[in-house]
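A short write-up of the structure that comes next.
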Amino acid sequence: MVRVIALLAAVLVAPLTAAADVGGLVKKPSPYSVSETMDRLEAVLDEKGITVALRWNHGRNAADVDISLRDTEVLIFGNPKIGSHLMTSAQSAGIDLPMKALAWQDEDGEVWLAYNDPVYIAERHGIEDRDEVVEKMSNALNGLTDAAVSTE
C-alpha cells in the first residue's frame with residue numbers, strides 16, 4: 001500500500017519537477033549555477049550527517065581531454081543506516097547505491113538537479129519488502145534537494 005501511495009505521489013509531483021524526461025529520474029530546476037547548486041546540496045547533506053563520498057566534475061574532466069561539455073557535476077552520497085536495508089533485500093541495489101545527484105546546465109542555460117527515485121530503484125531490483133525504507137529515502141531526498149534549490 002505504501003508503495004502505491006509513493007508511486008501515486010511521484011506521478012502527481014512529476015509534472016511539477018519536470019521528471020518526465022527520463023524514467024525513474026526526479027528532476028528539479030535550480031536558480032543557481034551548477035557549482036553553487038552542488039555546493040548547496042553538499043552543505044545540506046553535511047548538515048544532516050550524510051556522507052559525501054565523491055564530487056565529480058564531468059565538465060572539467062571533459063575539457064581536460066578537449067571535449068566540450070556544458071557544466072555537469074555529480075555528487076555521490078549515502079547513509080548506510082538507510083540504504084543498506086535495500087541491499088539486504090536485493091544486493092544488486094548496490095549498483096544504484098550510494099545515491100547520486102546530478103546537476104547540469106542544459107542547452108537553454110537552465111540548471112537542473114536530479115536523482116534516481118528510490119521507488120524506481122526498488123522496482124528495478126524487485127524489492128517489495130522495504131516500503132517504509134523507500135518512503136523514508138524518497139521523503140529525505142525530496143527535502144534535501146528542495147533545500148539545495150530553494151531561494152528562501
Please round to the nearest 0.5 Å and tell me the distance separating atom OH of Tyr115 and atom OG of Ser138. 7.0 Å

If you define the side chain from C-beta out and look only at heavy atoms, does anything of Met99 sit under 4.5 Å from Leu75? no

Leu25 vs Trp112, test: side chain to side chain contact (heavy atoms under 4.5 Å, CB included). Steps then yes/no. CA-CA 12 Å; Leu25 194 67; Trp112 298 92; over 6 Å; no

At what distance, to the nearest 0.5 angstrom, does CD1 of Ile76 lie from CH2 of Trp56? 9.0 Å

A quick test of your reading: do over 12 heavy atoms of other residues, nucleotides or ligands sit less than 6.0 Å from CD of Glu152? no

Between Leu102 and Thr72, is there a side-chain heavy-atom distance shorter than 4.5 Å? yes

Least distance between heavy atoms, Val149 atom then Pro29 atom: CB-O, 3.6 Å

Please round to the nearest 0.5 Å and tell me the distance separating atom CD1 of Ile121 and atom OG of Ser92. 11.0 Å

Are Asp131 and Lys136 close enough that some pair of their side-chain heavy atoms sits under 4.5 Å apart? no

Carefully, step by step, assess Asp39 and Arg55 under the rule salt bridge (charged side-chain N to carboxylate O under 4.0 Å, His left out). CA-CA 10 Å; Asp39 288 346; Arg55 183 165 171 177; 2.7 Å; yes

Please find the pair of heavy atoms, one from Val34 and one from Ala103, that lie closest to each other, and give the distance. CG1-O, 3.6 Å

Approximate separation, where rounding is to 0.5 Å, of Gln105 CD and Ser35 OG: 12.0 Å

Walk me through whether Val26 and Thr145 qualify under side chain to side chain contact (heavy atoms under 4.5 Å, CB included). CA-CA 10 Å; Val26 178; Thr145 54; 5.9 Å; no

Go through the steps to decide whether Ile95 and Arg124 satisfy the test side chain to side chain contact (heavy atoms under 4.5 Å, CB included), and finish with yes or no. CA-CA 11 Å; Ile95 194 70; Arg124 179 178 184 204; 4.2 Å; yes

Is there a side-chain contact between Leu41 and Leu113 in this structure, where contact means two heavy atoms from C-beta onward sitting under 4.5 Å apart? yes

Please report the interatomic distance CD(Glu36) to OG(Ser30), rounded to the nearest 0.5 Å. 7.5 Å

Contact between Leu144 and Lys48 at the side-chain level, heavy atoms closer than 4.5 Å - yes or no? yes

Closest approach of Val133 and Ile82, non-hydrogen atoms and distance? CG1-O, 3.6 Å

Do Leu141 and Val52 belong together in a cluster built from hydrophobic side chains that touch within less than 4.5 Å? yes

Looking only at heavy atoms, what is the nearest atom pair of Arg130 and Leu86, with distance? CB-CD2, 4.0 Å

May I ask you to test the Arg40-Tyr32 pair for a side-chain heavy-atom distance under 4.5 Å? yes

Which atoms form the tightest heavy-atom contact between Ile50 and Phe77, and what is the distance? CG2-CD1, 4.0 Å

Donor + acceptor pair across side chains of His125, Asp96 (<3.5 Å): yes

Stepwise, does the salt bridge (charged side-chain N to carboxylate O under 4.0 Å, His left out) test hold for Arg70 with Asp106? CA-CA 7 Å; Arg70 289 181 300 276; Asp106 70 16; 6.0 Å; no

I'd like to know if Asp146 and Lys28 make a salt bridge, using a cut-off of under 4.0 Å between side-chain N and carboxylate O. yes

Heavy-atom side-chain proximity of Leu97 to Met137 below 4.5 angstrom: yes

Check: Val119 main-chain N/O paired with Asp117 side-chain donor or acceptor under 3.5 Å: yes

Write down the atom of Asn57, the atom of Glu73, and the distance for their closest heavy-atom approach. ND2-OE2, 3.6 Å

